[in-house]
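Please read the structure below before turning to the comments.
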2 protein chains.
Amino acid sequence: MKPTIYDVAQAAGVSIATVSKVINATGRISDKTRKHVHSVMEQLKYQPSMVAAALTGKSTYTIGLTLPDLANPFFAEIARSVEDRGHEHGFNVFICNTDNDPDKEVKYLSLLSQKRVDGIISATRIQNDQFLKKLIQQNIPIALITGEMPTLAVDTVMVDDYLGGFQAGNHLLELGHKRIAILVEDMDNMSNRERLRGCK
Amino acid sequence: MKPTIYDVAQAAGVSIATVSKVINATGRISDKTRKHVHSVMEQLKYQPSMVAAALTGKSTYTIGLTLPDLANPFFAEIARSVEDRGHEHGFNVFICNTDNDPDKEVKYLSLLSQKRVDGIISATRIQNDQFLKKLIQQNIPIALITGEMPTLAVDTVMVDDYLGGFQAGNHLLELGHKRIAILVEDMDNMSNRERLRGCK
DNA sequence: CTGTTAGCGCATTCAT
DNA sequence: ATGAATGCGCTAACAG
């Protein structure tokens with residue numbers, strides 16, 4: 001079995017409280033016992049259980065990232081970055097491919113909430129804003145990226161579709177082009193409308 | 001606050017033991033109270049805490065996937081698949097970009113162990129087999145993919161480099177090509193050696 | 001500076 | 001068929 005905080009306490013001849021304190025560097029403990037406990041810890045190769053710690057209210061150091069499809073290089077790149085930043089701060093990230101399926105999305109979101117992630121980053125247009133609202137009420141930090149959610153007050157980082165369209169159009173004009181075509185998959189899509197708007 | 005099992009029990013006029021039983025469909029409970037508890041649960045929008053459940057010994061429904069770089073389409077594809085299968089079975093997967101850095105790898109691996117993942121899939125040649133051994137001792141299921149680890153007894157799925165090389169070479173020969181070149185980045189790499197071997 | 005104790009939310013005997 | 005009690009591993013007051 002993996003050693004617990006009790007094993008360390010016993011082996012070090014102190015109380016679990018003391019061990020806990022040296023682990024989290026909280027409270028006051030003599031330099032001597034601190035070092036002693038530390039040595040015992042690594043001798044036993046002790047590693048605190050994050051699930052137990054999480055149960056007491058501490059954060060899980062886990063965040064969820066929802067995106068349509070990881071196989072899409074655009075999102076893979078995003079995932080890579082999020083993961084990088086996460087790792088820098090000691091976080092692990094859950095990848096959630098929603099395929100833009102509302103059901104999968106809700107399923108993922110509720111799973112993430114049950115696992116008490118510290119936050120969620122969504123690179124998908126969250127379709128069920130009813131559910132989104134619930135998450136917000138649960139005080140789960142949420143950041144939207146790539147999508148918009150005008151009805152709710154959520155931190156969002158989005159791409160400036162208008163500017164993008166403008167720059168693209170401008171670039172072509174500068175090259176002297178006169179006859180420019182625009183291919184749009186879906187005119188109901190807000191992003192595309194904005195890009196188009198920026199273009200003319 | 002999110003409702004706990006106690007809230008449900010109280011609202012339903014039963015004990016938490018009963019609620020726990022209907023949640024996990026274990027033990028014997030009358031059809032009547034089962035339904036009643038269920039209705040109370042959804043009325044309170046109760047969702048069992050997976051971290052609490054995990055602490056009692058149940059699995060975390062979480063697995064870790066280590067790979068060199070998610071931005072590499074090859075691995076992104078793998079991640080996508082792993083995630084898909086995981087989701088089908090109610091699992092979440094932690095993505096871990098190691099960049100083939102031994103330190104990052106160890107850091108990730110130990111984090112995963114602290115978070116008590118149910119298993120680990122590694123798409124990287126695990127460099128620290130000392131650490132690998134520890135994980136195995138901890139009874140954490142591990143599966144290697146894409147890499148080899150001859151020294152240890154670990155489940156592994158790998159690509160048949162020899163066959164690949166053979167097929168590639170054969171294909172060109174069938175097309176009637178006579179002068180064939182092979183570009184290899186690193187001849188010390190076992191995969192490449194095998195591919196080359198299969199080619200001639 | 002260090003130890004006791006009481007939870008955190010749930011699963012699990014063991015009685016009833 | 002159901003409930004009371006105990007423990008999982010750790011943190012957080014509160015006492016000494």
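It should be emphasised that the depicted structure is a prediction, and the values quoted were computed from it without experimental measurement. Throughout, a chain's letter reflects where its sequence line sits, starting with A, and its residues are numbered from 1.
- For the pair B:I16 CD1 and C:dC14 P, the computed distance is 17 Å after rounding to whole Å.
- Distance check: B:T98 OG1 to A:H87 NE2 gives 9.5 Å after rounding to the nearest 0.5 Å.
- Taking every side-chain heavy atom of B:T18 into account, D:dT2 is the closest of C:dA11, D:dT2, C:dG3.
- Atoms CZ (B:R28) and P (C:dT12) sit 16 Å apart, rounded to a whole Å.
- If you check the side chains of B:D118 and B:T60, you find a donor sitting under 3.5 Å from an acceptor.
- In this entry the distance linking CD1 of B:I23 with P of D:dT2 reads 15 Å, nearest Å.
- When distances run from any side-chain atom of A:N24 to the nucleotides D:dG9, D:dT11, C:dC10, the shortest one goes to D:dT11.
- Taking only side-chain atoms of A:S30, from C-beta outward, the nucleotide of C:dT2, C:dC8, C:dT12 with the closest atom is C:dT2.
- Between the OH atom of B:Y6 and the C1' atom of C:dA11 there is a distance of 11 Å, given to the nearest Å.
- Taking atom NZ of residue A:K21 and atom P of nucleotide D:dA12, one finds them 11 Å apart after rounding to whole Å.
- Across D:dG9, C:dT2, C:dC10, the shortest atom-to-atom separation from the side chain of A:T33 is found for C:dT2.
- Counting only N and O atoms by type, the side chains of A:T62 and A:K115 include no donor and acceptor under 3.5 Å apart.
- Using a 4.0 Å cut-off between charged nitrogen and carboxylate oxygen, B:D129 and B:K133 do not count as a salt-bridge pair.
- Using a 4.0 Å heavy-atom distance criterion, A:V14 is classed as a sugar-phosphate-only contact.
- Taking atom NZ on B:K35 and atom P on D:dA1, their separation rounds to 15 Å, with Å as the unit.
- Distance B:I29 CD1 to D:dT2 C1': 10 Å, rounded to the nearest Å.
- Listed nucleotides: D:dG9, D:dA4, C:dT4. Nearest to the side chain of A:S49: D:dG9.
- Residue B:S20 is classed as a base contact, given a heavy-atom separation below 4.0 Å to a base.
- Rounded to whole angstrom, the span from the CD atom of B:Q10 across to the C1' atom of C:dC10 amounts to 17 Å.
- A salt bridge links A:D84 to A:R80: one of the charged nitrogens lies within less than 4.0 Å of a carboxylate oxygen.
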